[in-house]
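Just below is one structure, and these are the notes that go with it.
Numbering of residues begins at 1 and proceeds along the displayed sequence.
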Amino acid sequence: MHTYNIHEAKTQLSKLVEMAARGESFVIAKAGKPMVKVTALDTPEPSQMKRFGFMAGQIKVPDDFNTMGAGAIETLFEGDA
């Protein structure tokens, strides 16, 4: 993702708006510090991106997952007593 300083962004605003409309996001910085990210309005928000099930079938959770290591954890908290 490209970064433009405020002066560059002001002088190239039309070009940058067209870039964002095509889906090319960019950052505007002030004194080298990123201030805003510019994206097209129809770009999905990160929270809207569907990630549920992207690793389906690749991970197996053991049947005793909720009780794994219970004895060791008990010993850590209570000691050998």
List the atom of Ala20, the atom of Ala40, and the distance in Å for their closest heavy-atom pair. O-CB, 3.0 Å
Sequence neighbours excluded and cut-off under 3.5 Å, please list the side-chain donor-acceptor pairs for residues 22-36, or say none.
from  : atom 1 : to    : atom 2 : distance (Å)
Arg22 : NE     : Glu24 : OE2    : 3.2
Arg22 : NH2    : Glu24 : OE2    : 3.2

Are the side chains of Met1 and Lys37 in touch, meaning some heavy atoms are under 4.5 Å apart? yes
Please table the atom pairs, donor to acceptor, closer than 3.5 Å between any side-chain atom in residues 8-17 and protein atoms at least two apart or in another chain.
from  : atom 1 : to    : atom 2 : distance (Å)
Glu8  : OE1    : Asn5  : N      : 3.1
Thr11 : OG1    : His7  : O      : 3.3
Thr11 : OG1    : Glu8  : O      : 3.0
Gln12 : OE1    : Lys15 : NZ     : 3.3

Can you give the donor-acceptor pairs under 3.5 Å from side chains of residues 61-71 to other protein atoms, not counting sequence neighbours?
from  : atom 1 : to    : atom 2 : distance (Å)
Thr67 : OG1    : Asp64 : O      : 3.2

Using a side-chain heavy atom cutoff under 4.5 Å and only I, L, V, M, F, W and Y, what cluster partners does Ile73 have? Phe77
